Undergrad: 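Below are the structure tokens for one structure; questions will follow.
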Amino acid sequence: RPFTGRLTIVPIRAEGLEETQLFGKQDPYVEIQFGKDVQKTPTHKDGNKDPVWNYAISYDLKDMSERVISIRIKNKNMGIDNQIGVVRCPIYAVISPDKKEKWFTVFKDGDNKKECGRILLKGYFEGTGGLPSAPKESKYGLVAASFGNKHIEIDVLGFCEEMVSESSLSFSKHIPLTQLFGFDPCSNHDKTLTVTYIVDGKSLDVSHKEGDLDIFGSGKEVIEQIKNKHNDVKIKLVPFAFSFGIWKEREKNNSTQFHNVLCAMPKQNLYQQPTGSVAPVTKAKDKPAEQPTDEPKSVPEKEPAIELKDQSLILLSSTHRGNLAVDGKGANFKGGKGKFARWVVHAVDLDKKWFRFQSEHTGRFLKINRDKKTVDVDGGKGPWTIFVIKDSTTRPGWINLMSHKTGKYIKSIEGGDMGVGDGEEGECNFEVELVT
């Protein structure tokens with residue numbers, strides 16, 4: 001969809017840039033090209049390897065069909081300015097409606113083979129055009145969809161939602177995904193479309209929480225990964241609809257509360273209410289909803305855990321072994337409170353409490369390895385890096401980190417190393433401290 005409106009790109013800072021100047025410190029600036037329009041930031045004199053700009057560059061667009069943006073970091077010289085590195089990526093990867101800051105790998109040149117640092121960018125667009133936004137509730141049980149690789153990943157859930165035809169999401173082998181989505185991030189790196197969707201769900205229970213819908217119920221999530229070069233792919237989906245019913249929401253103020261809430265379920269299993277009566281919606285196992293009672297129920301007092309938000313900066317402490325800190329490409333519970341122990345929180349789905357944890361120092365993400373037995377810190381943002389936050393059942397105010405992919409829990413083990421556990425108790429408990 002062509003862009004019409006105002007596009008703003010903010011190069012904030014870079015770090016770990018390659019030194020291209022033989023004597024003295026280099027003076028970096030950023031040159032951004034979108035279409036034929038080229039604009040520059042001011043020069044950070046003596047910025048050398050870690051320059052800071054925090055300078056907004058805006059483009060007024062009308063029916064702009066260009067989708068790739070080129071960002072070059074250059075060194076200011078007396079004569080010809082030399083290039084330090086370049087980022088060439090789809091504009092969709094840079095812009096976000098919530099003006100989120102994102103790190104991008106800087107390459108020595110356009111072939112994307114040699115890394116030479118990274119740059120922090122913020123981008124947003126005010127107007128019409130671009131990729132369709134993701135729906136609040138998918139009509140087909142789609143949970144997430146992203147395209148890219150460890151360097152660049154784009155949310156294409158809205159695009160996939162609109163592509164569904166006759167309850168199927170199809171991709172022809174004759175059309176490369178880069179062409180289909182209109183961009184080609186990192187031309188010399190493999191790219192993958194990752195689609196997460198729900199199958200075999202008799203019903204999806206929906207709770208009402210502060211005005212938002214949170215699907216938490218039955219059904220199995222399936223993750224499909226499609227390479228850029230692929231055979232014909234057809235993903236069969238289940239059409240979803242919504243029906244009103246009465247559902248026990250939660251115990252509150254020592255009494256059971258009932259509220260009208262939405263229940264999402266496949267169309268063929270829509271709940272039919274008898275005429276003139278209001279019946280409770282039952283769970284997948286047909287367990288009848290509990291009836292209200294005048295007898296008060298005791299609810300144990302519980303100190304609430306810190307509510308994590310997108311872009312929060314936190315420390316994670318194990319029960320008795322110290323803060324989680326990066327150690328090379330791994331991590332352990334031996335850290336203090338310095339830069340190695342600070343983690344940036346990235347919200348995947350705030351309502352479902354799905355998060356990624358990125359090392360502030362290295363930019364890498366905490367993840368469960370594919371052997372499902374070990375943990376490390378990786379540069380990608382795949383499904384193995386997503387964790388579900390659960391309140392600890394044994395330590396009020398503490399949390400557990402459950403892998404969204406494997407259902408395993410991160411735990412601290414003897415010596416302060418990291419491990420993977422099956423339960424939620426003991427060494428799987430962690431305390432969260434916000435860094436101000």
Side-chain angles (χ1 to χ4, degrees), residues 7-57 59 66-96 100-123 148-154 178 183-191 329 339 344 358-365 377-381:
L7 170 67
T8 301
I9 306 294
V10 185
I12 300 172
R13 62 188 176 94
E15 62 178 34
L17 297 179
E18 184 175 285
E19 294 186 74
T20 62
Q21 190 164 298
L22 188 59
F23 300 104
K25 295 182 178 181
Q26 56 193 8
D27 307 318
Y29 67 91
V30 177
E31 179 183 271
I32 301 179
Q33 179 176 355
F34 188 54
K36 296 180 180 180
D37 194 347
V38 180
Q39 298 190 49
K40 302 176 183 178
T41 68
T43 299
H44 183 175
K45 186 171 179 57
D46 295 334
N48 206 32
K49 297 171 64 176
D50 304 298
V52 176
W53 303 285
N54 203 23
Y55 183 82
I57 292 175
Y59 299 87
E66 178 64 58
R67 300 181 186 182
V68 177
I69 188 167
S70 294
I71 301 166
R72 297 180 177 86
I73 304 176
K74 293 186 174 183
N75 178 31
K76 185 71 174 178
N77 289 318
M78 293 293 291
I80 300 175
D81 299 345
N82 63 286
Q83 180 171 290
I84 298 173
V86 63
V87 178
R88 179 175 166 80
C89 67
I91 189 62
Y92 305 131
V94 182
I95 59 177
S96 66
K100 184 183 298 184
E101 298 176 359
K102 301 178 185 179
W103 284 102
F104 292 85
T105 301
V106 177
F107 293 93
K108 182 67 177 175
D109 46 44
D111 63 7
N112 301 318
K113 290 182 179 179
K114 183 180 179 182
E115 299 180 20
C116 60
R118 63 179 189 154
I119 184 171
L120 182 63
L121 301 171
K122 177 172 66 177
N149 51 44
K150 68 177 183 179
H151 299 291
I152 301 173
E153 191 173 58
I154 300 93
T178 50
F183 47 74
D184 189 7
C186 298
S187 57
N188 282 328
H189 296 285
D190 289 335
K191 293 163 287 296
K329 292 186 178 180
K339 59 184 180 181
V344 180
Q358 181 185 33
S359 167
E360 185 193 38
H361 179 63
T362 67
R364 294 176 174 269
F365 290 85
V377 184
D378 184 72
K381 294 194 298 183

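Bear in mind the structure is a predicted one, so any value in this text is a computation, not a measurement.
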Undergrad: Main chain of Ser70, side chain of Glu31: is a donor-acceptor contact present, judged purely on distance under 3.5 Å?
TA: no
Undergrad: Can you tell me how far the NZ atom of Lys74 sits from the OG1 atom of Thr20, to the nearest 0.5 Å?
TA: 12.0 Å
Undergrad: Say whether, by atom type as modelled, one donor and one acceptor occur between the side chain of His44 and the main chain of Val52 under 3.5 angstrom.
TA: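 Side chain of His44 to backbone of Val52: a pair is present.
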Undergrad: So do the side chains of Gln33 and Arg72 get within less than 4.5 Å of each other, counting heavy atoms only?
TA: yes
Undergrad: Would a distance-only check, ignoring hydrogens and angles, find a side-chain to backbone donor-acceptor pair under 3.5 Å from Glu66 to Val68?
TA: yes
Undergrad: Please indicate whether Lys49 has more than 12 foreign heavy atoms, meaning atoms of other residues, nucleotides or ligands, lying under 6.0 Å from its NZ.
TA: no
Undergrad: Please walk me through it: do Arg118 and Phe104 pass side-chain contact (heavy atoms from CB on, under 4.5 Å)?
TA: CA-CA 5 Å; Arg118 63 179 189 154; Phe104 292 85; over 6 Å; no
Undergrad: What are the two closest heavy atoms between Asp50 and Glu15, and how far apart are they?
TA: OD1-CA, 3.0 Å
Undergrad: Return the minimal non-hydrogen interatomic distance between Ile32 and Tyr59, and the atom names on each side.
TA: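 Shortest heavy-atom contact: O-OH, 3.0 Å.
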Undergrad: Can you see which heavy atom on Gly85 is nearest to which on Cys116, and at what distance?
TA: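 Minimum heavy-atom separation between Gly85 and Cys116: CA-SG, 3.9 Å.
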Undergrad: How many angstroms lie between NZ in Lys122 and CD1 in Ile12, if you round to the nearest 0.5 Å?
TA: 5.5 Å
Undergrad: Rounded to the nearest 0.5 Å, what separates atom OG1 in Thr41 from atom CH2 in Trp53?
TA: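 Reported value, rounded in 0.5 Å steps: 6.0 Å.
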Undergrad: Applying side-chain contact (heavy atoms from CB on, under 4.5 Å), run through Asp27 and Asp46 and close with a yes or a no.
TA: CA-CA 5 Å; Asp27 307 318; Asp46 295 334; 3.6 Å; yes
Undergrad: I'd like to check Glu18 versus Lys114 (side-chain heavy atoms, cut-off strictly below 4.5 Å). Are they in contact?
TA: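 Of all side-chain heavy-atom pairs linking Lys114 with Glu18, at least one is under 4.5 Å.
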Undergrad: Do Phe107 and Arg88 have side chains that get closer than 4.5 Å, going by heavy atoms?
TA: no
Undergrad: Taking the side chain as everything from C-beta on, heavy atoms only, tell me whether Ile71 gets closer than 4.5 Å to Pro11.
TA: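 Result no, sub-4.5 Å side-chain heavy-atom pair not found.
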Undergrad: For the residue pair Asn48 and Lys25, what are the closest heavy atoms and their distance?
TA: OD1-CA, 3.7 Å
Undergrad: For the CD atom of Glu101 and the OG atom of Ser96, what is their distance to the nearest 0.5 Å?
TA: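 It comes to 9.5 Å.
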Undergrad: Roughly how far, to the nearest 0.5 Å, is the CD1 atom of Ile95 from the CD1 atom of Ile9?
TA: 7.5 Å
Undergrad: Return the OH to CD1 distance between Tyr92 and Ile152, rounded to the nearest 0.5 Å.
TA: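 Here the rounded value is 14.0 Å.
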Undergrad: Show your reasoning for whether side-chain contact (heavy atoms from CB on, under 4.5 Å) applies to Thr105 and Val87.
TA: CA-CA 7 Å; Thr105 301; Val87 178; over 6 Å; no
Undergrad: Contact between Leu121 and Lys102 at the side-chain level, heavy atoms closer than 4.5 Å - yes or no?
TA: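 Side chain of Leu121 against side chain of Lys102, heavy atoms only: no contact under 4.5 Å found.
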Undergrad: Donor-acceptor pair, distance only, cut-off 3.5 Å: does the side chain of Lys76 make one with the backbone of Tyr29?
TA: no
Undergrad: Any side-chain heavy atom of Ile57 within less than 4.5 Å of one from Val30?
TA: no
